[in-house]
Amino acid sequence: QVQLVESGGGLVQAGGSLRLSCAASGWIGSANAMGWYRQAPGKQRELVATIASGGSRDYADSVKGRFTISNAKNTVYLQMNSLQPEDTAVYYCKVVLWLGTYWGQGTQVTVSS
């Protein structure tokens with residue numbers, strides 16, 4: 001079965017950096033797309049960044065210039081720099097396969113002011 005294992009969340013001061021990883025396994029072939037979403041308390045889940053199988057990337061306006069999405073085989077990364085308190089949320093990875101769409105369990109990112 002498809003499994004997504006996230007890591008790298010934590011507590012950081014404003015202006016700091018974190019790197020999230022999401023290792024996906026359980027299928028043969030490449031993902032159509034991989035991405036990161038986040039959900040802050042009381043808010044809807046929102047797109048942070050995505051990367052397609054061809055390498056094209058898309059970012060939310062709020063993170064452009066600060067966050068970078070990348071992937072290596074079936075692991076997707078999110079390098080987050082210049083973190084701000086408004087980046088505090090649970091971050092979820094998402095993988096789109098020919099089998100369907102799968103989500104990770106989420107990892108907490110907390111940015112203190």
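Note that the structure is predicted; figures quoted are calculated from it, not measured.
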Output the distance between atom OG (Ser70) and atom CZ (Arg19), rounded to the nearest 0.5 Å. 6.0 Å
Rounded to the nearest 0.5 Å, how far apart are CE of Met34 and CD1 of Ile51? 9.0 Å
Decide whether Asn81 and Ser17 meet the rule of one side-chain donor and one side-chain acceptor closer than 3.5 Å. yes
For the atom pair SG (Cys22) and CD (Gln3), what is the distance rounded to the nearest 0.5 Å? 11.0 Å
Please report the shortest heavy-atom distance between Leu47 and Tyr59, naming the atom on each side. CD2-C, 4.4 Å
Which atom names give the shortest non-hydrogen contact between Ala24 and Leu4, and what distance separates them? CB-CD2, 3.2 Å
Rounded distance (nearest 0.5 Å) linking atom CG of Asn32 with atom OG of Ser53: 6.0 Å
Supply the atom-to-atom distance Leu97 CG to Ser30 OG, rounded to the nearest 0.5 angstrom. 9.5 Å
Pairwise side-chain contact, Trp27 with Gln1, heavy-atom cut-off 4.5 Å (strictly under): no
Please tell me whether Val90 and Leu18 are part of a single hydrophobic cluster in this structure, the criterion being side-chain heavy atoms less than 4.5 Å apart. no
Look only at the side chain of Glu6 and the backbone of Thr107, and say whether a donor-acceptor pair between them is shorter than 3.5 Å. yes
Ring centres of Tyr37 and Trp103 under 6.0 Å apart? yes
Quick one: hydrophobic cluster around Val5, which other residues, with the 4.5 Å side-chain cut-off, linked directly or via members? none
Exercise: identify the closest heavy-atom pair between Asp87 and Arg66: OD2-NH1, 2.7 Å
Evaluate the side-chain proximity of Gln39 to Glu46: yes if any heavy-atom separation is below 4.5 Å, no if none is. no
Spacing of CG belonging to Leu11 relative to OG1 belonging to Thr88, to within rounding of 0.5 Å: 8.5 Å
Co-membership, hydrophobic cluster, residues Val48 and Tyr102, 4.5 Å side-chain: yes
Does Val2 reach the side chain of Leu99, with side-chain heavy atoms less than 4.5 Å apart? yes
Indicate whether the side chain of Gln108 and that of Thr110 have a donor and an acceptor atom separated by less than 3.5 Å. yes
Would you mind reporting whether Tyr77 and Ile69 have side-chain heavy atoms less than 4.5 Å apart? no
Is a side-chain donor or acceptor of Arg57 paired with a backbone partner of Gly55 at a separation under 3.5 angstrom? yes
Taking C-beta and beyond as the side chain, do Thr101 and Val95 meet within less than 4.5 Å on heavy atoms? no
Is it possible for you to check whether Arg45 lies under 6.0 Å from the centre of the six-membered ring of Tyr92, through NZ or CZ, and within 45° of that ring's axis? yes
Can you find a heavy atom in the side chain of Val109 that is under 4.5 Å from one in the side chain of Leu20? yes
Checking Gln13 side chain against Val111 main chain: does a donor-acceptor pair fall under 3.5 Å? no
